[in-house]
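Since the structure comes first, as structure tokens, the remarks are kept for the end.
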2 protein chains.
Amino acid sequence: MADLTEINYAQRERLAFIDFCLQFIGQLSRADLVNHFKTGLASCSRDLTLYKELAPNNMTLKHETKQYYRTAEFKPVYEHNAEAILASLCRGFGDGLSHTVRPSEKCIDSTRLIHPSSETIATLMRAINNRLAVSCDYISLTSGETSRIIVPHAIANNGQRWHVRAYDQKSKEFRDFVCTRLQNATELKKPISNTQSGNYDKEWHNILTIELVVHPSVSHPRAIEMDFGMDGGVLRLEVREALLGYLMRQWNVDCSHNATLTLGDCHLWLKNISELGKLACLTIAPGYKEG
Amino acid sequence: MADLTEINYAQRERLAFIDFCLQFIGQLSRADLVNHFKTGLASCSRDLTLYKELAPNNMTLKHETKQYYRTAEFKPVYEHNAEAILASLCRGFGDGLSHTVRPSEKCIDSTRLIHPSSETIATLMRAINNRLAVSCDYISLTSGETSRIIVPHAIANNGQRWHVRAYDQKSKEFRDFVCTRLQNATELKKPISNTQSGNYDKEWHNILTIELVVHPSVSHPRAIEMDFGMDGGVLRLEVREALLGYLMRQWNVDCSHNATLTLGDCHLWLKNISELGKLACLTIAPGYKEG
DNA sequence: CCACAAAGCAATCATTTTGATAGCATCATT
DNA sequence: AATGATGCTATCAAAATGATTGCTTTGTGG
């Protein structure tokens with residue numbers, strides 16, 4: 001019997017592709033495999049034969065259409081993670097590096113309107129990995145364009161924008177910068193001072209445990225519980241303090257102390273807000289009032 | 001000289017990996033390659049040699065650290081799409097099928113709190129591809145649990161949830177259903193009637209051209225223009241009518257006729273709303289009033 | 001300052017994987 | 001019943017890969 005772990009990289013990819021097509025498309029022809037991997041017919045037959053060995057009851061050939069069909073007894077050979085699958089369907093297969101893409105028109109991801117340049121991302125990621133400072137021009141919403149030197153240690157998406165979390169030499173504190181508002185980012189070769197390293201970013205390293213519950217104003221709470229896979233009506237999450245405000249805004253979580261926000265479409269309430277103390281990050285959160 | 005298109009699938013993957021590491025991490029060791037692809041040392045040397053042939057000036061070996069470093073003259077061999085790169089950094093490499101994952105802790109995507117089951121997605125996608133109806137139990141926010149037969153034709157993410165767009169035999173119209181609120185989804189084998197096919201979903205096939213502009217209340221509009229890569233202060237988009245409302249809500253676009261919404265953090269205004277006519281989908285959009 | 005260890009490199013050969021071809025089987029279509 | 005399209009298997013040649021060896025470079029520790 002064939003052992004999954006002993007199969008080489010390329011063939012494993014092809015087997016995974018077969019498995020995927022059966023489960024998420026329902027059928028598969030030899031031509032699909034040949035097209036996708038630019039492989040020969042022979043190796044294609046070999047792959048199908050091997051797949052049949054691994055999972056004899058997963059597919060049957062229908063000669064009417066000359067395609068393999070998923071059977072009702074199908075058991076996936078590979079555990080496909082749901083988010084990864086959806087990404088594959090939306091953006092096509094392949095790892096996004098070599099372009100073996102074939103996006104599905106039937107699976108449409110949310111629209112990202114903000115696309116940082118890959119140059120900027122590359123510079124930031126290299127600086128992060130090599131602990132270097134970056135000089136750049138930054139246009140802020142409040143103060144307009146300024147020249148800055150920042151020491152980045154992570155990048156994060158807040159649901160809309162990609163931010164870089166960095167020590168700002170101008171304000172002498174850790175801040176978020178929107179990646180698309182950076183221009184002329186350049187790595188500075190001299191090593192950074194210790195206090196500017198990510199380890200000293202308190203709000204980043206402070207992990208808060210928050211409790212989200214269905215908002216009392218919702219009339220069929222079960223629907224929301226199912227959305228969030230809630231266990232006993234509560235969703236516990238670990239969140240970096242630096243990112244909490246964004247998360248609350250992204251999910252439109254009522255952050256008032258008594259769930260009094262009545263703005264439409266508010267499905268969640270931050271139940272344990274009173275235990276969290278005063279948090280600057282929450283100033284952008286829906287319904288938040290200090291106290 | 002080696003020709004990129006003539007290189008086989010497996011080696012192309014490895015070359016892309018080298019290219020990626022140099023550009024987004026800054027360095028790469030032979031061990032990284034071996035680890036990632038579980039390949040032998042020999043083939044690893046071959047890949048590096050070939051990469052040097054393809055791009056002689058992209059990397060240099062530093063013996064101090066025994067790693068290859070990106071040079072200042074680096075020119076990517078593969079065009080990496082920014083979104084794909086960010087996904088690779090956040091979730092690790094590989095196509096999400098075979099798990100060759102190694103996510104970066106320095107690159108954090110926004111938190112998706114709602115994860116549809118891969119079983120449900122699989123059933124829906126198969127039904128879509130094979131034009132089948134699906135029976136299921138659905139829990140709606142307004143009417144609670146009901147049994148339904150729907151004919152799905154696409155799934156889409158609205159920024160928060162995955163929806164399935166489908167003909168609903170109960171209400172006899174096309175609607176959106178939240179994937180996580182579906183239970184016991186089962187394909188029905190009999191073929192669907194023609195009028196229930198996706199082709200007849202008017203709101204889905206009606207493509208609107210919308211014009212988004214920086215909200216007049218923003219004090220440094222250049223920052224927003226850069227975020228959205230605006231051309232002359234306007235961002236023109238083609239959007240399905242069925243998805244327009246979600247898009248407006250996701251990006252918090254002021255949909256009032258005169259940009260009068262003053263709610264904090266509203267960076268965009270839907271400039272041509274007056275030309276779009278009456279749209280039911282906009283009832284959920286910020287600031288929208290009929291008229 | 002020299003020996004050593006660690007990593008990279010190049011060459012070689014055995015093994016594995018792949019591609020191409022040919023002949024046969026199956027089944028829908030006509 | 002003939003035809004054509006596709007799938008299967010077997011075979012052989014070609015290509016890719018893995019393992020081994022001996023060599024080079026360079027940093028490190030004595």
Side-chain angles (χ1 to χ4, degrees), chain A residues 1-19 21-22 25-71 98 100, chain B residues 1-19 21-22 25-71 98 100:
Chain A
M1 186 64 193
D3 177 1
L4 251 189
T5 59
E6 302 236 319
I7 297 169
N8 76 59
Y9 183 87
Q11 192 166 28
R12 217 166 49 229
E13 294 273 306
R14 296 196 301 268
L15 290 175
F17 181 79
I18 296 172
D19 204 44
C21 288
L22 291 174
I25 299 171
Q27 67 274 108
L28 166 84
S29 74
R30 226 160 43 139
D32 293 336
L33 258 181
V34 173
N35 266 328
H36 187 74
F37 291 100
K38 306 289 172 230
T39 181
L41 274 177
S43 97
C44 174
S45 284
R46 276 188 286 259
D47 296 334
L48 287 166
T49 307
L50 178 56
Y51 187 81
K52 271 181 279 186
E53 258 184 61
L54 290 166
N57 302 318
N58 272 8
M59 62 180 185
T60 50
L61 178 60
K62 274 199 193 168
H63 282 278
E64 301 95 301
T65 56
K66 283 151 189 189
Q67 288 196 309
Y68 284 95
Y69 284 79
R70 175 187 186 274
T71 62
S98 46
T100 52
Chain B
M1 186 63 193
D3 177 2
L4 251 189
T5 61
E6 301 236 318
I7 297 169
N8 76 61
Y9 183 88
Q11 191 166 30
R12 216 167 50 231
E13 294 273 307
R14 296 196 300 268
L15 289 174
F17 181 79
I18 296 172
D19 204 44
C21 287
L22 291 174
I25 299 172
Q27 66 274 109
L28 165 83
S29 74
R30 227 161 43 140
D32 293 336
L33 259 181
V34 173
N35 266 327
H36 188 73
F37 291 100
K38 307 288 172 231
T39 181
L41 274 176
S43 97
C44 174
S45 283
R46 274 188 288 259
D47 296 334
L48 287 166
T49 307
L50 177 56
Y51 186 82
K52 270 180 280 186
E53 259 184 60
L54 290 166
N57 301 318
N58 273 6
M59 61 180 186
T60 50
L61 178 61
K62 274 199 193 168
H63 282 278
E64 300 96 301
T65 56
K66 284 154 188 183
Q67 288 195 309
Y68 284 96
Y69 284 80
R70 174 187 187 275
T71 63
S98 47
T100 52

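This one's a predicted model, so the numbers in the text were calculated from it and none came from an experiment. The figures that follow rest on heavy atoms only: side chains count, while hydrogens, waters and symmetry mates do not.
Atom CD of A/Q27 is separated from atom P of D/dG7 by 13 Å (rounded to the nearest Å). One can place CG of B/L48 at 10 Å from P of C/dA10, the figure rounded to the nearest angstrom. In this entry the distance linking CG of A/D47 with P of C/dT18 reads 7 Å, nearest Å. Counting to the nearest Å, the C1' atom of D/dA5 and the NZ atom of A/K62 are 18 Å from each other. The distance from atom CG of B/D32 to atom P of C/dA7 is 12 Å, rounded to the nearest whole Å. The interatomic distance linking A/H63 (NE2) with D/dG4 (C1') rounds to 15 Å, in whole Å. Distance A/L28 CG to D/dT6 P: 15 Å, rounded to the nearest Å.
Put simply, A/T39 has a side-chain N or O that comes within less than 4.0 Å of OP1 or OP2 on C/dG19. The side chain of A/T49 contributes an N or O atom lying less than 4.0 Å from OP1 or OP2 of D/dT9.
A 4.5 Å side-chain heavy-atom check between A/K52 and A/M59 finds at least one atom pair inside the cut-off.
A/F17 and A/H36 have parallel rings, their planes meeting at less than 30° on a 0 to 90° scale where 60° marks the start of perpendicular.
Proximity note for A/S45 (side chain, C-beta onward) versus C/dG19, D/dG7, D/dT9: the nearest is D/dT9. Listed nucleotides C/dT18, C/dG8, D/dT17 differ in distance to B/R46; the shortest reach to its side chain belongs to D/dT17. Among the nucleotides C/dA28, D/dT26, D/dA5, the one closest to any side-chain atom of A/E64 is C/dA28. Distances from the side chain of B/R30 to the nucleotides D/dG7, D/dG18, C/dA7 place C/dA7 closest. Each of C/dT18, C/dG8, D/dT17 was ranked by its minimum atom distance to the side chain of B/R14; first place goes to D/dT17. You'll find that the side chain of A/K66 is closest to D/dA5, out of D/dA5, D/dG7, D/dT17. Residue A/N8 places its side chain closer to C/dT17 than to any other of C/dA7, C/dT17, D/dG7. Comparing atom distances between the B/A42 side chain and each of D/dT9, C/dG19, D/dA19 picks out D/dA19 as nearest.
Although no hydrogens or angles enter the test, the distance criterion places no donor-acceptor pair under 3.5 Å between the side chain of A/R70 and the main chain of A/Q27. In this structure a side-chain-to-backbone donor-acceptor pair under 3.5 Å is present from A/T49 to A/S45.
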